[in-house]
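The next block holds one structure in the form of structure tokens; read it before the comments.
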Amino acid sequence: MDGVRYFQQGQYPVALQRFDAALTIDPRNPDTYYNKAAVYHRMGLANRDSNLLAQAESLYNQCLDLNPDHVECHRGLAVLLTETGRVDKAFTLLRNWAAHSPTNAEARVELARLYEEYGDPRSAEQALNEALALDSRNWRAHAALGRLREQAGDYAQALRSYQMAYALNRFQPDLQRQIAALQTRVGGTQLAAPPAAPPAAGNRSAAGLAPFRHY
């Protein structure tokens with residue numbers, strides 16, 4: 001968590017020192033490999049340094065060796081692959097993850113993100129429907145499906161999907177804005193949100209690299 005704070009402040013060398021210290025305590029923690037990868041990824045982009053990006057890629061793969069279902073690591077590696085001109089490998093990475101984890105909804109949500117970014121909304125919708133068949137309470141899948149429906153002009157169904165996502169996770173101001181905007185188009189009442197969950201402990205991941213959309 002200390003390293004994440006330094007990462008968020010842009011103090012990358014200090015963040016790396018803290019993550020290295022964490023590895024001396026727990027050398028098989030996939031989150032630490034992910035966090036180190038995120039730092040090298042950010043530094044590699046900022047400095048246009050292919051060696052730093054190669055280090056990031058290696059660390060992402062080490063993270064996945066330790067946790068084959070690490071969501072943020074799959075996302076970060078897929079982003080790096082697209083940024084370095086290997087879109088086909090990014091699709092292969094996420095398709096293989098979905099195939100090897102047939103009950104994992106998140107794998108399908110991430111694959112849908114990539115399909116959407118590369119102009120294939122039909123495949124994105126199919127992946128999201130598969131995700132919801134596995135986990136009907138996956139708020140990210142509902143939100144992403146709402147975005148696809150909004151882009152297709154199906155505002156009533158988009159509103160319903162956004163409302164479902166918000167009912168499952170009320171701590172998303174972007175969802176609140178989307179719901180308010182669509183309500184002016186189609187009318188209706190915002191779905192009541194569940195009671196607030198207790199605040200989470202400090203963030204353990206140096207997220208924020210992906211150019212993909214938020215959900």
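Because only heavy atoms are used, hydrogens play no part in the values below, and waters and symmetry mates are left out as well, while side chains stay in.
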Looking only at non-hydrogen atoms, find the nearest pair between Tyr118 and Thr82 and report the distance. OH-CB, 3.4 Å
Distance col, row Phe19:CZ vs Phe7:CZ, nearest 0.5 angstrom, shows 7.5 Å
Using distance alone, with no hydrogens and no angle criterion, decide if Tyr166 and Gln176 have a side-chain donor and acceptor under 3.5 Å apart. yes
Treating Ile, Leu, Val, Met, Phe, Trp and Tyr as nodes and any side-chain heavy-atom pair under 4.5 angstrom as an edge, say whether Leu114 and Val87 lie in one connected cluster. yes
Is there a donor-acceptor pair under 3.5 Å between the side chain of His41 and the backbone N or O of Ala37? no
Treating Ser58 as the side-chain partner and Ala54 as the backbone partner, does any N or O pair qualify as donor plus acceptor under 3.5 Å? no
Which residue is it: Asn67, Leu66, Leu64? I am looking for the one with a side chain to side chain contact (heavy atoms under 4.5 Å, CB included) to Cys73. Leu64
Rounding to 0.5 Å, atoms CD (Gln178) and OG (Ser161) come to a distance of 12.0 Å
Does any N or O in the side chain of Thr184 come within less than 3.5 Å of the main-chain N or O of Ala181, such that one atom is a donor and the other an acceptor? yes
Any side-chain heavy-atom pair of Arg42 and Val39 under 4.5 Å: no
Stepwise side chain to side chain contact (heavy atoms under 4.5 Å, CB included) test for Gln157 and Leu145: CA-CA 9 Å; Gln157 287 299 316; Leu145 192 56; over 6 Å; no
Once side-chain contact (heavy atoms from CB on, under 4.5 Å) is applied, do any residues pair with Ala107, and if so which ones, sequence neighbours excluded? Trp97, Ala98, Asn104
Quick check: does any side chain N or O of Tyr33 sit under 3.5 Å from a backbone N or O of Pro27, one acting as donor and the other as acceptor? yes
Heavy-atom closest contact (Gly44 atom, Leu52 atom, distance): CA-CB, 3.7 Å
With under 30° as parallel and over 60° as perpendicular, where do the rings of Phe91 and Tyr115 fit, or are they tilted in between? tilted
Check for me, please, whether Val109 and Leu134 land in the same ILVMFWY cluster - side-chain distances under 4.5 Å, paths through other members count. no
Are His74 and Asp69 close enough, and set up right, to give a side chain to side chain donor-acceptor pair (under 3.5 Å), and what steps lead you there? CA-CA 8 Å; His74 273 99; Asp69 284 323; over 6 Å; no
Show the numbers, then the answer: is there a side chain to side chain contact (heavy atoms under 4.5 Å, CB included) between Gln151 and Arg147? CA-CA 6 Å; Gln151 291 170 350; Arg147 186 175 58 249; 3.7 Å; yes
Donor-acceptor pair, distance only, cut-off 3.5 Å: does the side chain of His142 make one with the backbone of Ser136? yes
Neighbour count >12 (heavy atoms, 6.0 Å) for atom CZ, Arg95: yes
Take atom CZ in Arg18; do more than 12 heavy atoms of anything else shown fall under 6.0 Å from it? no
Should Leu16 and Tyr6 be regarded as members of a common hydrophobic cluster, given that ILVMFWY residues are connected when their side-chain heavy atoms come within less than 4.5 Å of each other, either directly or indirectly? no
Atom pair NE2 (His70) and CG (Asp65), whose distance is rounded to the nearest 0.5 Å: 12.5 Å
Quick one: does Leu111's side chain get under 4.5 Å of Arg113's, heavy atoms only? no
Closest heavy-atom pair, Ala105 versus Asn138, reported as atoms and distance to 0.1 Å, is CB-ND2, 3.9 Å
Gap separating the CG atom of Asp88 from the CG atom of Leu93, nearest 0.5 angstrom: 11.5 Å
For the residue pair Ala158 and Gly146, what are the closest heavy atoms and their distance? CB-O, 3.3 Å
Would you give the length of the straight line joining atom CD of Gln11 to atom CD of Gln8, rounded to the nearest 0.5 angstrom? 11.5 Å
CZ of Arg5 to CE of Met1, rounded to nearest 0.5 Å, is 5.5 Å
Cationic N near anionic O, under 4.0 Å, Glu57 to Lys89: no
Do Ile179 and Arg177 come close enough that some side-chain heavy atom pair is under 4.5 Å? no
May I ask you to decide whether Glu110 forms a salt bridge with Arg140, counting only side-chain N to carboxylate O separations under 4.0 Å? yes
Full working for side chain to side chain contact (heavy atoms under 4.5 Å, CB included) between Leu128 and Glu125: CA-CA 5 Å; Leu128 291 171; Glu125 183 174 1; 5.6 Å; no
Residue pair Glu150 / Tyr162, side-chain donor-acceptor N/O under 3.5 Å: yes
Is it true that Leu182 and Trp139 fall in one hydrophobic cluster, defined by side-chain heavy atoms closer than 4.5 Å? yes
After noting the C-alpha distance and the side-chain angles of Leu94 and Arg75, does the key distance pass the side chain to side chain contact (heavy atoms under 4.5 Å, CB included) rule? CA-CA 9 Å; Leu94 297 183; Arg75 184 185 307 147; over 6 Å; no
Would the distance check show the side chain of Asp120 and the main-chain N or O of Glu116 forming a donor-acceptor pair, the cut-off being under 3.5 Å? no
Compare every heavy atom of Val186 with every heavy atom of Ala156, then report the nearest pair and how far apart it is. N-CG1, 4.0 Å
Assigning hydrophobic clusters by single linkage (Ile, Leu, Val, Met, Phe, Trp, Tyr; side-chain heavy-atom cutoff under 4.5 Å), is Leu59 placed with Met43? yes
For the student: nearest non-hydrogen atoms of Leu80 and Tyr60, plus distance: CD1-CE1, 3.9 Å
Between the side chain of Asn47 and the main-chain N/O of Asp49, is any donor-acceptor distance below 3.5 Å? no
